[in-house]
Novice: 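This is the structure I want to talk about, given as structure tokens.
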Amino acid sequence: MNTKRIVLKDRENPDSEQLKEPAKILREGGLVAFPTETVYGLGANALNEEAAKKIYEAKGRPSDNPLIAHIADFDDLLPLVTEVPEAGKKLMEAFWPGPLTLIFPKSSLVPYGTTGGLDTVAVRMPADPAASALIRLAGVPIAAPSANTSGRPSPTTADHVWQDMNGKIQMIVDGGAVGIGVESTIIDVSGVEPMILRPGAVTQEMASAVLGKEICLDPAIISGPLKADVRPKAPGMKYKHYAPKADLTLVEGNTEAVVSAINKMTEEKLEAGYRVGVICTDETSDLYPGGIIRSIGSRLKEESVAHNLYAVLREFDDLDADYIFSESFSRSHLGQAIMNRLTKAAGYHIIKV
Ligand code: AMP
Ligand code: MG
């Protein structure tokens, strides 16, 4: 398949003439990758089971892993669900459009091919003007998982999408780099108590404030990254998450101790003849004398760390690093999403110093 790439003239004020072709492809059951504020999505008509199947083929993803349906307007939600629970209403009002996915009981309109056989459906209303305009023009909800090959880091630029999807999909809509850089927060509001299934830019603190009480995290998020220096299977996670080609270790502790531990381990591996990467921050990048040093962003601006996270991991894959040692981040606010992605990428391998 020949993958066409169009570059948006203005992502903030998308030209609907430019979006007509991708919207038509989507409506007719084809695949189009497009930017959202979180990561690039691989879109297909969420109401068309055959189209959803093509997503799984292009990504090489197991077909019982459910997809998120993306909508452009509040009115688009009701046909997809049988009920909007109170907690869902509050969260939608506070955070839609935005980086929050909510899980509702599904209506019969949504095929099981989209929900991986579940009776619930995940729905998000992206804030990105180009994504929103494209979905509105397509006139159907758009299933859009991250536009990467299953097992690679999520794409945050159109070039990342091109690396994984060239030849497999009809079109890539290039809107430049995404803003946030990690996938949406997922909150299940279909049960008795709302629960965070995946942390993201809508943080636990933000959701709790809106709900007026502390919202719980899925136990798999909490119990995963705990014990120092052990490498258990990702608990509660059915599918293997992205893991870098290199052996990634997170080092946690006060900055001085972390820098010195990383330098020591880097030196040992370099002496043994390995290619070693170091993931550090703008504040510490001068403190590492050896290895391939990449700053993931500034500790004073955690948004920058989320924004660069997947690009840095992709770069180390391309550089064929054997070992990567990474600094750690706080586990509150946006740090919760950052540490969730980093600990998964590290197979929960954390050294406390
Ligand atoms: P992605 O689209 O790549 O950001 O990943 C979508 C994720 O959303 C899946 O891996 C699921 O964990 C989650 N998800 C989607 N639909 C549901 C659902 N109905 N119930 C629970 N989790 C869901
Ligand atoms: Mg994904």
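Order of appearance sets the numbers: ligands from 1, and atoms from 1 within every ligand. Position 1 is the first residue of the sequence, and the numbers go up from there.
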Novice: Can you see which heavy atom on Ser107 is nearest to which on Pro79, and at what distance?
Specialist: OG-O, 2.6 Å
Novice: So, is the end of the Lys264 side chain (NZ or CZ) under 6.0 Å from the ring centre of Phe325 and within 45° of the ring's axis?
Specialist: no
Novice: With ILVMFWY side chains joined below 4.5 Å, transitively, what does Ile172's cluster contain besides itself?
Specialist: Leu31, Tyr40, Leu42, Ile55, Tyr56, Leu67, Val161, Trp162, Met165, Ile169, Val178
Novice: For atom 17 (C) of ligand 1, which protein heavy atom lies nearest, and how many Å away is it?
Specialist: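 Nearest protein contact, heavy atoms only, for atom 17 (C) of ligand 1 is Pro66 CG, 3.5 Å.
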Novice: Quick one: does Val189's side chain get under 4.5 Å of Val84's, heavy atoms only?
Specialist: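 They are not in side-chain contact.
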Novice: Examine the proximity of ligand 1 to Asn65 and report which part, side chain or backbone, both or neither, has a heavy atom under 4.0 Å away.
Specialist: side chain
Novice: For ligand 1, which atoms, with element, lie under 4.0 Å from some heavy atom of Leu118?
Specialist: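 Listed by number with element, the hits are 18 (C), 19 (N), 20 (N).
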Novice: Heavy atoms, side chains only, cut-off 4.5 Å: are Val173 and Gln18 in contact?
Specialist: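 Val173 does not reach Gln18 side chain to side chain.
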Novice: Can you pull out the closest protein heavy atom to atom 2 (O) of ligand 1? Residue, atom name and distance to 0.1 Å, please.
Specialist: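 Its nearest protein heavy-atom neighbour is Pro145 CA, 3.0 Å.
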Novice: Relative to the heavy atoms of Thr120, which atoms of ligand 1 are at a distance of less than 4.0 Å?
Specialist: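 Near Thr120, meaning under 4.0 Å from one of its heavy atoms, ligand 1 has 18 (C), 19 (N), 20 (N).
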Novice: Looking only at protein heavy atoms, which one is nearest to atom 1 (P) of ligand 1, and how far off is it?
Specialist: Arg198 NH1, 3.8 Å
Novice: Which residue owns the protein heavy atom closest to atom 21 (C) of ligand 1, what's the atom, and how far is it?
Specialist: Ile103 CD1, 3.2 Å
Novice: Where does the angle between the aromatic ring planes of Phe74 and Trp96 fall among parallel (under 30°), tilted (30 to 60°) and perpendicular (over 60°)?
Specialist: tilted
Novice: Compare every heavy atom of Arg198 with every heavy atom of Ile221, then report the nearest pair and how far apart it is.
Specialist: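 Distance-wise, the nearest heavy atoms are CD1-N, 3.9 Å.
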Novice: Suppose I only count heavy atoms of Ile186 and a 4.0 Å limit; which atoms of ligand 1 are within that range?
Specialist: 7 (C), 8 (O), 13 (C)
Novice: Any protein heavy atom at under 4.0 Å, with atom 12 (O) of ligand 1 as the reference point?
Specialist: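 So atom 12 (O) of ligand 1 lacks protein heavy-atom neighbours under 4.0 Å.
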Novice: I'd like to know whether ligand 1 has Arg61 as a neighbour, heavy-atom separation below 4.0 Å.
Specialist: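 True for this residue.
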Novice: Below 2.8 Å, any N, O or S contact between Ser146 and the Mg ion (ligand 2)?
Specialist: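 Yes - counting backbone and side chain alike, Ser146 has an N, O or S atom under 2.8 Å.
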